[in-house]
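As structure tokens, the structure follows; a few thoughts come after it.
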Amino acid sequence: MLKRFFTRRGMGQVITVTVGLVILCVVFSFMNGNFLSPMNTSNLLRQIVPFLIVGIGQSYVLITGNIDLSIGSVLGMSCMISATLMTKGINPWVAVLITFVCCIAVGFINGELVARCKLPPFIATLGTMTVARGIAQIANGNYNTGDIGTKVNADLFRDIFYRGSLFSIGKFSFYHIIWITILLWVVFNFILNKTKLGRHIYAVGSNVEAAKLSGVNVISTTTKAYIVAAICACIAGLYTCATTGNGTMDAGNTYELYAVAASVIGGVSTLGGQGLLLGTVIGAAIWGVLQNGLQFAGAPVALRNIIIGIIVVLAVLMDVVVRSGKFSFKRNKKAAPPPTGGPASGGQASKQSHTP
């Protein structure tokens with residue numbers, strides 16, 4: 001069983017990035033002794049949460065061979081719609097339900113535009129990204145919301161999605177949002193690896209035409225992948241709302257980059273058909289550790305962005321090179337000498353060609 005686990009396609013990349021994660025943690029702990037302190041570890045885990053959640057959604061879409069640029073804007077829309085409804089006196093759980101419906105609608109539209117209407121995923125999700133950001137802006141009349149309140153339900157909402165902890169050991173706290181994220185990963189990992197939908201997602205990403213000939217409903221499968229991405233963006237938006245206690249119109253900016261980074265660093269192929277959600281966990285952890293560690297090291301924000309951006313580009317470049325089959329350490333073979341009788345042999349072939 002262990003042998004089959006470690007020989008799964010894409011597991012080599014997961015192992016590689018896991019080693020890289022360990023090295024990063026060791027380096028940052030040497031640079032600052034407080035990096036692995038119980039308090040920072042618990043905060044670091046909570047900091048990784050939104051990267052992992054949006055990474056799970058983006059991984060589903062990437063495995064189908066597509067991409068979702070609207071994730072960050074759907075996150076912002078989720079944050080603003082939920083916060084606006086709460087500040088208007090709506091019960092937080094009713095607000096959460098309405099927010100889910102709105103976000104799922106965006107995911108459904110993305111899937112239909114890409115799979116049924118045959119729009120390039122870059123263009124389709126670029127358009128819905130702009131629309132979702134516009135909805136986030138007009139949700140409260142082009143203003144950030146006020147505080148969502150301190151009523152019982154609002155406090156419970158914030159406890160579940162941000163500040164509440166399942167247990168504490170000294171200064172280490174295992175926050176509710178961490179186990180919620182773990183549960184979310186377990187569910188979506190099970191779907192991807194143990195269900196027909198998961199097999200269809202890999203099939204669509206590997207070869208669309210072959211998937212069609214095998215009886216896979218490409219439109220339905222692609223749409224479901226985009227709906228998963230929208231659900232994940234919605235949950236990350238609720239987390240953001242609970243974190244700040246209000247709705248901000250620019251919430252989720254650049255999170256589409258974070259989602260892609262968590263996925264591709266963890267080994268999910270941008271060309272489709274390959275990737276493990278276990279790798280997305282490691283990719284999100286690397287992203288969070290870099291953000292947190294560089295902050296501890298006193299690196300300016302600009303330098304942090306440059307370093308992380310370079311890592312993302314290198315990860316995608318490596319994937320493209322390896323998948324294209326151009327990655328080889330072998331030198332180009334020398335040209336074989338022409339056969340005896342060829343043009344270089346003194347013209348014997350020419351004589352033969354004129355022989356009647």
Side-chain angles (χ1 to χ4, degrees), residues 13-56 58 72 75 158-159 161-182 185 236 239-240 242-245 248 250-267 277-318:
Q13 174 75 0
V14 174
I15 294 173
T16 300
V17 295
T18 301
V19 172
L21 174 62
V22 172
I23 292 173
L24 279 177
C25 290
V26 171
V27 169
F28 285 133
S29 64
F30 273 114
M31 293 175 66
N32 192 311
N34 292 323
F35 177 74
L36 291 179
S37 65
M39 181 178 293
N40 189 60
T41 301
S42 58
N43 288 328
L44 176 61
L45 289 175
R46 192 166 55 176
Q47 187 176 346
I48 292 170
V49 160
F51 302 147
L52 176 55
I53 293 175
V54 295
I56 291 171
Q58 191 70 271
L75 188 159
R158 296 198 68 185
D159 283 341
F161 281 99
Y162 181 67
R163 62 192 181 194
S165 61
L166 186 64
F167 63 84
S168 297
I169 302 175
K171 292 185 177 181
F172 175 82
S173 297
F174 192 82
Y175 293 102
H176 288 305
I177 190 60
I178 297 173
W179 69 259
I180 290 173
T181 304
I182 292 173
W185 179 87
Y239 166 81
T240 303
T243 302
T244 59
T248 52
D250 62 349
N253 274 345
T254 71
Y255 262 74
E256 53 278 352
L257 169 64
Y258 298 160
V260 172
S263 301
V264 300
I265 291 174
L277 284 192
L278 179 60
T280 305
V281 175
I282 308 300
I286 288 178
W287 188 262
V289 166
L290 279 171
Q291 293 272 29
N292 189 275
L294 290 172
Q295 185 177 358
F296 262 87
V301 175
L303 180 60
R304 279 184 262 163
N305 291 337
I306 291 172
I307 292 173
I308 295 172
I310 290 173
I311 290 174
V312 173
V313 171
L314 290 177
V316 176
L317 179 62
M318 183 177 295

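Basis for what follows: all heavy atoms, side chains included, without hydrogens, waters or symmetry-related copies.
For Ser173 against Ser165, the heavy-atom pair with the smallest separation is CB-CB, 4.1 Å. In terms of heavy-atom proximity, Gln291 sits nearest to Tyr258 at NE2-OH, 4.0 Å. Taking every heavy atom of both residues into account, Ile48 and Gly288 meet most closely at CG1-CA, 4.0 Å. The two residues Leu36 and Ser29 make their nearest non-hydrogen contact at CD1-CB, 3.8 Å. The two residues Phe161 and Ala242 come nearest to each other via the heavy atoms CB-CB, 3.5 Å.
Ring to ring, Trp179 and Phe174 are not that close: their centroids are 6.0 angstrom or more apart.
The side-chain heavy atoms of Leu303 and Leu294, taken from C-beta on, include no pair separated by under 4.5 Å. For the pair Asn292/Phe35, a side-chain contact is recorded, criterion being any heavy-atom separation below 4.5 Å from C-beta on. Residues Asn40 and Phe296 form a side-chain contact, since some pair of their non-hydrogen atoms from C-beta on lies under 4.5 Å apart.
Separation of atoms OG (Ser42) and CD1 (Ile169) is listed at 11.0 Å; rounding is to 0.5 Å. Atom-to-atom distance recorded for Thr16:OG1 and Leu21:CG is 12.5 Å, nearest 0.5 angstrom. Distance check: Leu52 CG to Ile178 CD1 gives 11.0 Å after rounding to the nearest 0.5 Å. Interatomic distance, CH2 of Trp287 versus CD1 of Ile265, reported as 6.0 Å (0.5 Å rounding).
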Q: Take Val260 and Glu256 through the test side-chain contact (heavy atoms from CB on, under 4.5 Å) and record every step on the way to the result.
A: CA-CA 6 Å; Val260 172; Glu256 53 278 352; 5.6 Å; no

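Under a cut-off of 6.0 angstrom, the local environment of CZ in Phe30 is sparse, with at most 12 non-hydrogen atoms contributed by other residues, nucleotides or ligands.
Checking side-chain atoms of Thr244 against main-chain N and O of Thr240 turns up a donor-acceptor pair under 3.5 Å. No donor-acceptor pair closer than 3.5 Å links the side chain of Trp185 to the backbone N or O of Ile56. When atom types are taken as modelled, the side chain of Arg46 and the backbone of Tyr162 share a donor-acceptor pair closer than 3.5 angstrom.
Phe172 and Phe167 have tilted rings, their planes meeting at an angle from 30° to 60° on a 0 to 90° scale.
A donor-acceptor contact closer than 3.5 angstrom is absent between the side chains of Ser263 and Thr280.
Val49 pairs with exactly one of Ile177, Thr243, Ile182, Val54 by the side chain to side chain contact (heavy atoms under 4.5 Å, CB included) rule, that one being Ile177.
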